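All remarks here apply to the structure that follows.
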Amino acid sequence: YLVHCSGKTLSKAQHGSDISLFIETHVREDQIVLFGFMTKQEKECFLEVTTVKGIGPKIALQVLNQLTPDQLCVAINMKDRAIFKGVSGIGPKTIDRMFAELKDRAFVNNFEKYFPEGTSDSSGEGDQSIRGDAISVLVNLGINKSEAFTLVSDIISKFPEYNLNEIIKAALSKVAVR
């Protein structure tokens, strides 16, 4: 079978090795097309993006080629237009439509439930606990969830050795600078 995958999915597959994919089948009058995803979260995100008027499966795959599911949720929550600049087939009107049609979806507003922290990287379990705790603290201090997620993810990627207190201090200093 020919299975269409995003570049991110293909980069995770090693040449010559066996992999398992979550498959989505699209049936049209003249063809049957298969789309493959490494994670269930990627497939769910793909299905949500294809519900937007004007976005078909190939453009949705282009979106996932550039963004992870959690990055997409954060971008929609924060209405970050710049993140979609490199996605071919998506213009300003489509971006606006995506923001409007996906902003109230459960997968966007509760992305921590649908896309547990770290789905797009391979951090250890301890990192996930610290990440979740840091996000929770920042939310309790009045920062919205998507911004807290972005701040904490950015800090952990740059400084993986930081403990909870250092992550929170760094995040608060970034917020104070704005």
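We count residues from 1, following the sequence as given. Computed from a predicted structure; not experimentally measured.
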Give a yes or no on whether Phe35 and Ile19 share a hydrophobic cluster (residues Ile, Leu, Val, Met, Phe, Trp, Tyr; joining criterion: side-chain heavy atoms under 4.5 Å apart). no
side-chain contact (heavy atoms from CB on, under 4.5 Å) for Leu72 and Glu48? Distances and angles first, verdict last. CA-CA 11 Å; Leu72 178 64; Glu48 291 289 345; over 6 Å; no
Less than 4.5 Å apart, side chain to side chain, heavy atoms only: is that true for Ile95 and Lys79? no
According to side chain to side chain donor-acceptor pair (under 3.5 Å), who are the partners of Thr51, at least two apart in sequence or on a separate chain? Arg105
Let me check something: do Met38 and Phe46 share a hydrophobic cluster, defined by ILVMFWY side-chain heavy atoms less than 4.5 Å apart, either directly or through other members? no
When clusters are formed by joining ILVMFWY residues with side-chain heavy atoms under 4.5 Å apart, either directly or through shared neighbours, do Leu64 and Ile23 land in the same one? no
Is the closest side-chain heavy-atom distance between Leu138 and Leu172 below 4.5 Å? yes
State the CD1-CG distance between Ile167 and Asp133, to the nearest 0.5 angstrom. 9.5 Å
Say whether, by atom type as modelled, one donor and one acceptor occur between the side chain of Asn65 and the main chain of Ser6 under 3.5 angstrom. no
For Asp30, is the CG atom crowded, meaning more than 12 foreign heavy atoms sit under 6.0 Å from it? yes
Main-chain N/O of Val87 paired to Gln62 side chain as donor or acceptor, under 3.5 Å: no
Where is the tightest heavy-atom contact between Asn165 and Asn163, given as atom of each residue plus distance? N-OD1, 3.1 Å
Has Arg97 got a side-chain atom pairing as donor or acceptor with Lys53's backbone, closer than 3.5 angstrom? yes
Mind listing the closest non-hydrogen atom pair of Ala170 and Tyr162 along with its distance? CB-CE2, 4.2 Å
Determine whether Ile55 and Leu61 fall in the same hydrophobic cluster, where Ile, Leu, Val, Met, Phe, Trp and Tyr are linked whenever their side-chain heavy atoms lie under 4.5 Å apart. no
Within-4.5 Å side-chain heavy-atom neighbours: Leu67 and Phe84: yes
When you measure from the side chain of Gln71 to the backbone of Thr68, do you find a donor-acceptor pair of N or O atoms at a distance under 3.5 Å? yes
Any side-chain to backbone donor/acceptor pair from Lys43 onto Glu24? Under 3.5 Å, distance only. no
How about Val33 and Thr25: do any of their side-chain heavy atoms sit closer than 4.5 Å? no
Taking the side chain as C-beta and beyond, is there a heavy-atom pair between Leu34 and Leu21 under 4.5 Å? no
What pairs with Lys158 under side chain to side chain donor-acceptor pair (under 3.5 Å), at least two apart in sequence or on another chain? Asp154
Minimum heavy-atom separation for Pro57 to Thr50, with atom names? CA-CG2, 3.8 Å
As an exercise, state the distance from CZ of Phe149 to CD1 of Ile143, rounded to the nearest 0.5 Å. 14.5 Å
Flag the pair Arg131 / Ile155 as yes when at least one side-chain heavy-atom distance between them is below 4.5 Å, and no otherwise. no
So, the side chain of Glu42 versus the backbone of Gly36: is there a donor-acceptor pair under 3.5 Å, distance only? no
Taking the side chain from Gln66 and the backbone from Val63, do they hold a donor-acceptor pair closer than 3.5 Å? no
Does CD in Glu161 sit with more than 12 non-hydrogen atoms of other residues, nucleotides or ligands closer than 6.0 Å? yes
Treating Ile, Leu, Val, Met, Phe, Trp and Tyr as nodes and any side-chain heavy-atom pair under 4.5 angstrom as an edge, say whether Leu141 and Ile130 lie in one connected cluster. yes
Working note: Glu44 + Phe22, criterion side-chain contact (heavy atoms from CB on, under 4.5 Å); need CA distance, chi angles, decisive distance, verdict. CA-CA 10 Å; Glu44 294 291 326; Phe22 292 89; over 6 Å; no
Assess the side chains of Ser153 and Thr150: does a donor N or O sit below 3.5 Å from an acceptor N or O? no
Between CE on residue Met98 and CG on residue Asp96, distance to nearest 0.5 Å: 10.0 Å
